[in-house]
Structure formats: C-alpha cells, structure tokens
Amino acid sequence: MKIILLGAPGAGKGSQATKIAKEYGIPHISTGDALRANIANGTQLGKKAQSYIEKGQLVPDELVVGIVADRIKQDDCKKGFLLDGFPRTIAQAEALASLTDIDYVLNLVVDFETVKTRIGGRRMCACGESYHISTYSSDVCAKCNGKLYQRADDNEATIASRLEVYKNQTAPLVEFYQKLGKLIDVDGNKSISELFEDIKVILNGNN
Ligand code: ADP
Ligand code: ZN
C-alpha cells in the first residue's frame, strides 16, 4: 500500500500519517521531519534547507527528491509506505512517478481559516506528538513528559507564506492526481479521530 497525503500546512497530514502508519504497518515518511532532523544534526543538507524553511518557502526539489528516493529504496518500504509532505510540486510528483507507482492519494481538504488557527496554536514534542493550546494547557507532553515547543516556522508571517506557497505550487497536484484517477478527497475539517475513521473506510476498500 503506497499512499500520499496531500493537503495544506495544518490540514492534519502529520496526525493522520502517524495513525495510518501504525494501523497498516507501513513506514511514515515525512520530508518536513527529515529536513528538521537534518537541521538539528547540522548536516550539509540541513544547512542548505534551513533558510527556506524559516521563510516558509519550499526547499529545492532536488534535495527533497533525494531524501525520498533514498528512503523508499530501503527494505521496510517494500510492502508500502506513506508520504507526508511530499510531493509538493509538479516536478516532485513527476520525479516520484519515475521511481514508483502510488496506490492512493488522500487529499485532506480544509478551510484556510481553520488551518491558521491550528498551526498558530500547535505545540510539538520531540517524541512526535503534537497538541493544540485550545485543548491542552500543560507545557509537557502527556506521553513522554518532554517539554513542548513551537515549531520555528509556526509563526504568523511564515504561516502566511506557507499557505501562499501551497496555493501556487502544491494545489496544482490535486488536478495532477485527479487526472491519474488516484485522488480521493477527505474532509479535513473533522476531528482527528473522525477523519481517521473516514480514511480507514477508504483504505479498507469499503467506499
Ligand atoms: P507543513 O505541512 O505543516 O507545512 P512540513 O513539516 O511538511 O509542514 O514542512 C515544513 C517545511 O519543510 C515546508 O514549509 C518546506 O519549507 C519544507 N518542506 C517539507 N517538505 C517539502 C517538500 N516536499 N518540498 C520542498 N520543501 C519541503
Ligand atoms: Zn512526547
């Protein structure tokens, strides 16, 4: 099962990706997480990517395509994988198509207003868990006791540019995958658990 999660920043790709990966036993590949890990580890790739991410711009295609190409070659991806945050441009989608076939493209559809509120109030834990200030008031993680923090690009100015980039460069992928007959829209305005139920119905072939 090879799946792409498509959707604006804050649409809930990360939250759903964790659940889907666990349910279906496939690796969760997040280019955003991979880039942040490279920045944290001070790699060459991280140094190249950092300024783009901080400005809310896309990291150059060749860098992210390289990450994904290496990752999906690994053994644990033989039975499938879940891509979160990739592809984000037509060029990335074409590069991916030359590497492998995809079974499902789940398009998480949300209102831009919802997305702004979600990202603005998002708090992260190093363990991968995330919270929202409207429903969680502690500053430590309920799972691991880690200290919660705000992602460097989760501020108002950067969010605005990420949404702009989404509209201009990523939204065209909706039509790209529609034409290939792979696109399935899901209502990302629902709660995390309701949305996951909808996704399971699709992936279990009961739609
Ligand atoms: P979100 O979906 O909430 O914006 P991500 O963690 O997926 O968060 O991405 C954070 C940032 O990492 C993006 O704004 C972009 O700068 C960079 N990035 C992640 N994936 C890609 C990609 N496929 N192509 C180019 N840049 C990427
Ligand atoms: Zn944690």
Side-chain angles (χ1 to χ4, degrees), residues 4-18 28-40 45-72 81-97 99 102 105-110 112 114-132 136 138-173 176 188:
I4 293 173
L5 281 185
L6 210 60
K13 297 186 297 290
S15 312
Q16 295 304 322
T18 311
H28 170 196
I29 304 172
S30 159
T31 44
D33 287 349
L35 292 167
R36 282 185 290 275
N38 273 277
I39 293 173
L45 176 64
K47 288 193 179 106
K48 285 186 195 152
Q50 187 161 19
S51 63
Y52 296 99
I53 294 184
E54 281 169 0
K55 286 184 225 144
Q57 295 168 357
L58 294 184
V59 170
D61 288 333
E62 60 273 21
L63 298 184
V64 285
V65 168
I67 293 176
V68 172
D70 287 346
R71 184 65 188 87
I72 65 178
F81 51 78
L82 174 67
L83 290 170
D84 161 13
F86 181 95
R88 255 178 157 94
T89 63
I90 296 283
Q92 290 176 20
E94 285 169 346
L96 178 65
L99 295 169
I102 294 297
V105 180
L106 300 175
N107 182 31
L108 276 56
V109 185
V110 276
F112 272 23
T114 309
V115 149
K116 284 187 198 158
T117 319
R118 281 188 189 170
I119 311 181
R122 175 160 70 178
R123 296 293 179 272
M124 315 296 298
C125 176
C127 77
E129 203 52 46
S130 71
Y131 299 90
H132 195 274
Y136 192 77
S138 166
D139 60 358
V140 294
C141 175
K143 288 214 170 133
C144 78
N145 260 335
K147 178 122 178 67
L148 302 186
Y149 60 91
Q150 197 166 12
R151 241 171 64 178
D153 59 347
D154 279 357
N155 59 73
E156 215 173 307
T158 312
I159 294 168
S161 93
R162 282 156 66 197
L163 289 175
E164 212 36 48
V165 165
Y166 172 78
K167 268 191 245 174
N168 296 330
Q169 303 194 58
T170 309
L173 290 178
F176 179 94

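All heavy atoms count here, side chains included; hydrogens, waters and symmetry mates do not. The first residue in the sequence is number 1, and the count goes up from there. Counting convention: from 1, in listed order, for ligands and their atoms alike.
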>> On a heavy-atom basis, which atom in Cys141 and which in Tyr131 lie closest, and how many Å separate them?
In response: SG-OH, 3.1 Å
>> Considering both backbone and side-chain atoms of Val59, is one of its nitrogen or oxygen atoms within less than 3.5 Å of a nitrogen or oxygen in ligand 1?
In response: yes
> Looking only at protein heavy atoms, which one is nearest to atom 8 (O) of ligand 1, and how far off is it?
Replying inline: Arg151 NH2, 3.0 Å
> Taking only heavy atoms of Gln92, which atoms of ligand 1 are found under 4.0 Å from at least one of them?
Replying inline: 22 (C), 23 (N), 24 (N), 25 (C)
> Is Arg118 reaching over with its side chain to a backbone N or O of Ala11, donor-acceptor style, under 3.5 angstrom?
Replying inline: yes
> Can you find a pair of side-chain heavy atoms, one from Glu94 and one from Ile90, that are under 4.5 Å apart?
Replying inline: yes
> Less than 4.5 Å apart, any side-chain heavy atom of Val105 and any of Leu173?
Replying inline: no
>> Within ligand 1, which atoms have a heavy atom of Arg122 less than 4.0 Å away?
In response: 3 (O)
>> Checking contacts here: is it the side chain or the backbone of Val165 that comes within 4.0 Å of ligand 1, counting heavy atoms only? Could be both or neither.
In response: neither
> Which option, Leu35, Ile67, Thr31, owns the non-hydrogen atom nearest atom 18 (N) of ligand 1?
Replying inline: Leu35
> At what distance, to the nearest 0.5 angstrom, does CZ of Arg122 lie from OG1 of Thr117?
Replying inline: 12.5 Å
>> Does Tyr52 have more than 12 heavy atoms from other residues, nucleotides or ligands lying within 6.0 Å of its OH?
In response: no
> Counting both backbone and side chain atoms, is some N or O of Asp33 under 3.5 Å from an N or O of ligand 1?
Replying inline: no
> In ligand 1, which numbered atoms sit nearer than 4.0 Å to a non-hydrogen atom of Gln57?
Replying inline: 15 (C), 16 (O)
> Considering only heavy atoms from C-beta outward, does the side chain of Phe86 approach that of Val65 to under 4.5 Å?
Replying inline: yes
>> Please state which option from Gln50, Arg88, Arg118, Arg162 has its nearest heavy atom closest to atom 3 (O) of ligand 1.
In response: Arg162
> Hey, is ligand 1 close enough to Tyr52 that some N/O pair sits below 3.5 Å?
Replying inline: no
> What angle sits at the Zn ion (ligand 2) between SG of Cys141 and SG of Cys125, to 10°?
Replying inline: 110°
> Are any of the heavy atoms in Arg36 under 4.0 Å away from ligand 1?
Replying inline: yes
> Is the shortest N/O to N/O distance between Phe86 and ligand 1 below 3.5 Å?
Replying inline: no
> Do Gln150 and Arg123 touch side chain to side chain, with heavy atoms closer than 4.5 Å?
Replying inline: yes
> Does any non-hydrogen side-chain atom of Ile4 lie less than 4.5 Å from one of Pro87?
Replying inline: yes
> Can you find a pair of side-chain heavy atoms, one from Asp154 and one from Arg162, that are under 4.5 Å apart?
Replying inline: yes
> Does a side-chain heavy-atom distance below 4.5 Å link Thr89 with Val64?
Replying inline: no
> Should you measure from each heavy atom of Ile53, which atoms of ligand 1 turn up under 4.0 Å away?
Replying inline: 12 (O), 16 (O), 17 (C)
>> Can you confirm, on distance only, whether ligand 1 has an N/O atom lying under 3.5 Å from any N/O atom belonging to Asp84?
In response: no
>> Applying a heavy-atom cut-off of 4.0 Å, say which part of Leu58 lies close to ligand 1: side chain, backbone, both or neither.
In response: both
> What residue and heavy atom of the protein are closest to atom 11 (C) of ligand 1, and at what distance?
Replying inline: Asp153 OD2, 4.0 Å
> So is Lys13 polar-close to ligand 1, meaning N/O to N/O under 3.5 Å?
Replying inline: yes
>> If we ignore hydrogens and angles and just use 3.5 Å, is the side chain of Ser161 paired with the main-chain N or O of Lys55 as donor and acceptor?
In response: yes
>> Is there a polar contact between ligand 1 and Ser30, counting only N or O atoms under 3.5 Å apart?
In response: no
